[in-house]
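So the structure is just underneath, and the comments pick up after that.
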Amino acid sequence: MVKFYENYFSYDFAWPAVTLAYFLRYPNPYAAHVLSSDTLSRHLDPETGKLHTVRLHLKRGKLPAAVARFLPKIKESYILERSVVDIRNQTMETETRNLDWEGVISVVESQIYTPALPSEATAGEGEKTDVKLVVKISSRVGTNAREKVADATAAGVWTSWTTGSIQKSIEIVGMKRMREGLGRSKEGMKIVLEGLREKGLIVAMQERRERKLADRKEEGVQSRWSNIWRSAEVNSGDHGKDNDN
């Protein structure tokens, strides 16, 4: 079972500013649940001029009680982010997906950022950036994720629930959470964009670095996925190749 969500929106800022803000969006007041962000790899393709980046985010959160009773306790989740910035054609494509509990719920979010086309309606309002968002949410509970919910099955909590109904409930909750998070995400981006416009890049970068160091010192977060990824990169000797799932 799979659910899709598609949305279109714009930022009242030029494309170069929006693409920069994307990489600077954490931390911000609307993303207190993001505990850490690490850049795993980054390279510029000399032939295409495209910038490829892979990052890892550690986010904190919990499932609603209506769904949590069927599933393991999930308090934190690692999110893998891939992005490609095409400066020549002024497009940025991004994809994020959760690495933990994919059998329970898989959320894949894709975005495309492009400069808004000028029109009579927007003449004189300044440059804008259009964003196309597509989200795919799916659950495989009861299929190849049985080993992760075996204890719940043995305990009999599935008695009045079919596999399909549980999958559907998880996907509905995931879609609701995603829509709620979208609004906060856009507000967080706007704060970063306003900061870049008012303070400039150097001051904004310095403040971001100070906040990030303070947050990490307070939380003491260690990214095990980051260490595993970097070890794999060193052993393979391949620092710029994407692994598409």
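Remember, predicted model here, so these are calculated numbers, not experimental data. Residue indices begin at 1 and follow the sequence shown. The figures that follow rest on heavy atoms only: side chains count, while hydrogens, waters and symmetry mates do not.
Going from atom CD of Glu93 over to atom OG of Ser110 covers 8.5 Å, rounded to the nearest 0.5 Å. From Ser37, atom OG reaches atom CD1 of Ile79 across 10.5 Å, with rounding to the nearest 0.5 Å. Annotation: the span from Thr39 atom OG1 to Phe23 atom CZ amounts to 8.5 Å, rounded to 0.5 Å. The line from CD of Glu127 to OG of Ser10 is 13.0 Å long, rounded to the nearest 0.5 Å. Note that the CD atom of Glu194 and the CE atom of Met189 stand 12.0 Å from one another [nearest 0.5 Å]. In this structure, the separation between CD on Glu81 and OG1 on Thr96 is 7.0 Å, given to the nearest 0.5 Å.
With Thr129 contributing its side chain and Trp15 its backbone, the two residues share a donor-acceptor pair below 3.5 Å. One N or O on the side chain of Asn98 and one on the backbone of Val107 form a donor-acceptor pair closer than 3.5 Å. Of the possible polar contacts, one joining the Thr48 side chain to the Lys50 backbone as a donor-acceptor pair under 3.5 Å is found. Put simply, the side chain of Asp86 gets close to the backbone of Arg88: a donor and an acceptor are under 3.5 Å apart. The closest donor-acceptor contact from the side chain of Asp38 to the backbone of Leu40 lies at 3.5 Å or more, if one exists at all.
Within a 6.0 Å sphere centred on NZ of Lys136, heavy atoms belonging to other residues, nucleotides or ligands number 12 at most. The local environment of NZ in Lys59 is crowded, with over 12 non-hydrogen atoms from other residues, nucleotides or ligands closer than 6.0 Å.
Here the closest non-hydrogen pair linking Gly188 and Asn28 is CA-OD1, 3.4 Å. The heavy-atom pair separating Leu196 from Ala17 by the smallest distance is CD1-O, 4.2 Å. The nearest pair of heavy atoms linking Arg25 to Val192 is CA-CG2, 3.8 Å. Between Thr94 and Ser83, the shortest heavy-atom contact is CG2-CB, 3.9 Å.
Stacking of Arg55 on the aromatic ring of Tyr26 is not recorded, the 6.0 Å distance cut-off and the 45° axial limit not both being met. In this structure, Lys128 forms no cation-pi arrangement with Phe13, as its terminal cationic atom is not both closer than 6.0 Å to the ring centre and no more than 45° off the ring axis.
Val131 and Ile87 fall within the same hydrophobic cluster, where Ile, Leu, Val, Met, Phe, Trp and Tyr residues are linked whenever their side-chain heavy atoms come under 4.5 Å apart, directly or through other members. Hydrophobic clustering, with ILVMFWY side chains joined whenever heavy atoms are under 4.5 angstrom apart, groups Leu44 together with Tyr22. Cluster annotation: Phe9 is connected to Val18 through the hydrophobic network of ILVMFWY side chains, with a link wherever side-chain heavy atoms come within less than 4.5 Å. There is a path of hydrophobic side-chain contacts, each under 4.5 Å, that joins Tyr113 to Leu193. Under a hydrophobic-cluster definition in which Ile, Leu, Val, Met, Phe, Trp and Tyr are linked whenever side-chain heavy atoms come within less than 4.5 Å, directly or via other members, Val108 and Val54 are assigned to different clusters.
Side-chain contact between Tyr30 and Ile191: present, with at least one pair of heavy atoms (C-beta onward) separated by less than 4.5 Å.
With respect to the salt-bridge test (charged N to carboxylate O, under 4.0 angstrom), the residues Glu109 and Lys132 do not qualify. Salt bridge status for Glu187 with Arg184: absent, with no side-chain N to carboxylate O gap under 4.0 Å.
Inspection of the Glu76 and Tyr78 side chains reveals no N or O donor paired with an N or O acceptor under 3.5 Å.
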Kindly indicate, with the supporting measurements, whether the criterion side chain to side chain contact (heavy atoms under 4.5 Å, CB included) is fulfilled by Thr91 and Val84.
-> CA-CA 8 Å; Thr91 62; Val84 180; over 6 Å; no
